[in-house]
Participant: 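Just dropping this structure here.
Side chains included, hydrogens not; waters and symmetry mates left out as well; all remaining heavy atoms used. Each chain gets a letter, A, B and so on, in the order its sequence line appears, and its residues count up from 1.
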Number of protein chains: 2
Amino acid sequence: MTLKEQDYAQDERREEIKRAALKVFARKGISGTKMSMIAAEAGISQGLSYRYFSSKEELFSLLVQEALEEAQTAIANIGNLPGTPFEQLKALTKNMLEENHKQYFLLIQQAHTSDETPVKVKQLLDQFSSKDTIEQLIPIFVKGQEMGEFCEGDPHRILFLYLSVISGLMIQDVYTDENYWVNEIDSLMKILSK
Amino acid sequence: MTLKEQDYAQDERREEIKRAALKVFARKGISGTKMSMIAAEAGISQGLSYRYFSSKEELFSLLVQEALEEAQTAIANIGNLPGTPFEQLKALTKNMLEENHKQYFLLIQQAHTSDETPVKVKQLLDQFSSKDTIEQLIPIFVKGQEMGEFCEGDPHRILFLYLSVISGLMIQDVYTDENYWVNEIDSLMKILSK
DNA sequence: GTCTATAACTGGATAGAC
DNA sequence: GTCTATCCAGTTATAGAC
């Protein structure tokens, strides 16, 4: 095996552990997740995880950071999507509820609500707070209001409610069928419409 | 102190511990809650809790049972409330979101989503499943549909979505202001309307 | 009745064998 | 590289002092 191939194999293992950890953390939160669960999910021994990550906390923090970046870009891109503001928000909703991103959003939720969350992560969360998320959506929502697609009222308040509803569903989504709520997007968006 | 008074004092202490435990369990779930936290919340030593409840599990189970009964009666009574079906569902929503019951609903949620939940409790949950809850609301919803107050569509599906939204909000409610969502009931009920 | 001390156990993290 | 054995800290539950 050449040096390059070795590095590749190491990286792959790291990603494997990260995938496993994301899956478990998203469902169980940081204290509900045991290193043995992550190891089992990744198909390795418990001790080996520590050759790739120095602690459970480090692993958790890294994943939250990636999740925040992922969520951030999804939201930043919304303005570039085709269609009316209504269609743009609908696309964002769908994106959030779909399997892949769901785990990231859940992880962020876990980080937000647990108090075992490391201080380092708390600081990250403050940086990318949901206030900023909403701030980015406001121009689109206001445009939709002017076009008569959305209901009247304080954009910040309405978007906060809407995003809370979505993440509330995601939390529970884990225990119902995959992507179940995606079929309910039209009903959910009635919160935003006239 | 007479015998009667002693019994009363004992009962009071039991209730004190139960109140404390409900508060902590609702926020942190069964494994996130340490007996020391409950004891601190109740203002007693950790060891003393075990003079009143034989285990953490027993305490948790008892509380879930009471929560289920509480939720059950709240729902069973809805038909007797004054007003149209719309007003009845609105009253139920408000009731669910208000502080007192919120803790009970949160506890049930914790019991539902955690897998450290004792088998005994899992069985209880199956008995009072949310399917039955919805079943009880269907007649009212159908009546509202006939009166033109609610949107068309499968009552079971719509009510399931609605209740999921409400409990999703409750889970997060703990971390925002008390009773914040109560002010948003009208927006939420747009999910049910035409 | 209530507290403090402690036994038994669980889980995070390290060390050493292969 | 990976696993098994082990250390140490924190938790449940009990026992014994006041």
Participant: Grab the CD1-C1' distance between A:I38 and C:dG12 for me, whole Å please.
Facilitator: 11 Å
Participant: Please determine if B:E16 and B:R19 form a salt bridge, counting it only when a charged side-chain N lies under 4.0 Å from a carboxylate O.
Facilitator: yes
Participant: Could you tell me whether B:F160 and A:Y180 have their ring centroids closer than 6.0 angstrom?
Facilitator: yes
Participant: Please list, by residue number, the residues of residues 14-22 of chain A whose heavy atoms come closer than 4.0 Å to an atom of DNA chain C; answer none if no residue qualifies.
Facilitator: none
Participant: Got a list of protein N/O to nucleotides 6-10 of chain D N/O distances below 3.5 Å?
Facilitator:
none

Participant: Does B:K120 form a side-chain contact (heavy atoms from CB on, under 4.5 Å) with B:E57? I'd like the steps, not just the answer.
Facilitator: CA-CA 10 Å; B:K120 189 188 151 197; B:E57 236 185 69; over 6 Å; no
Participant: Which is true for B:T33 with a 4.0 Å heavy-atom rule: it touches a base, it touches only sugar-phosphate, or it touches nothing?
Facilitator: sugar-phosphate
Participant: Base, sugar-phosphate or nothing for A:Y52? Non-hydrogen atoms, less than 4.0 Å.
Facilitator: sugar-phosphate
Participant: Provide a list of protein-nucleic acid N or O atom pairs under 3.5 angstrom, restricted to nucleotides 15-18 of chain D.
Facilitator:
residue: D:dG16; atom: O6; partner: B:R51; partner atom: NH2; Å: 3.1

Participant: Can we say A:K18 and A:E15 salt-bridge, meaning some charged N sits less than 4.0 Å from an Asp/Glu carboxylate O?
Facilitator: yes
Participant: Just the rounded figure in Å: distance from P of C:dG12 to CD1 of A:I30.
Facilitator: 10 Å
Participant: Nearest whole Å is fine: how far is C:dT6 P from B:M35 CE?
Facilitator: 21 Å
Participant: Base, sugar-phosphate alone, or nothing: which one does A:S31 contact when heavy atoms must sit under 4.0 Å apart?
Facilitator: nothing
Participant: Are A:I108 and A:M170 close enough, and set up right, to give a side-chain contact (heavy atoms from CB on, under 4.5 Å), and what steps lead you there?
Facilitator: CA-CA 11 Å; A:I108 294 172; A:M170 284 193 293; over 6 Å; no
Participant: Starting at atom NZ of A:K56, determine the distance to atom P of C:dT14, rounded to an integer number of angstrom.
Facilitator: 14 Å
Participant: For D:dT14, take OP1 and OP2 only and decide whether either is under 4.0 Å from a side-chain N or O of B:Y50.
Facilitator: no
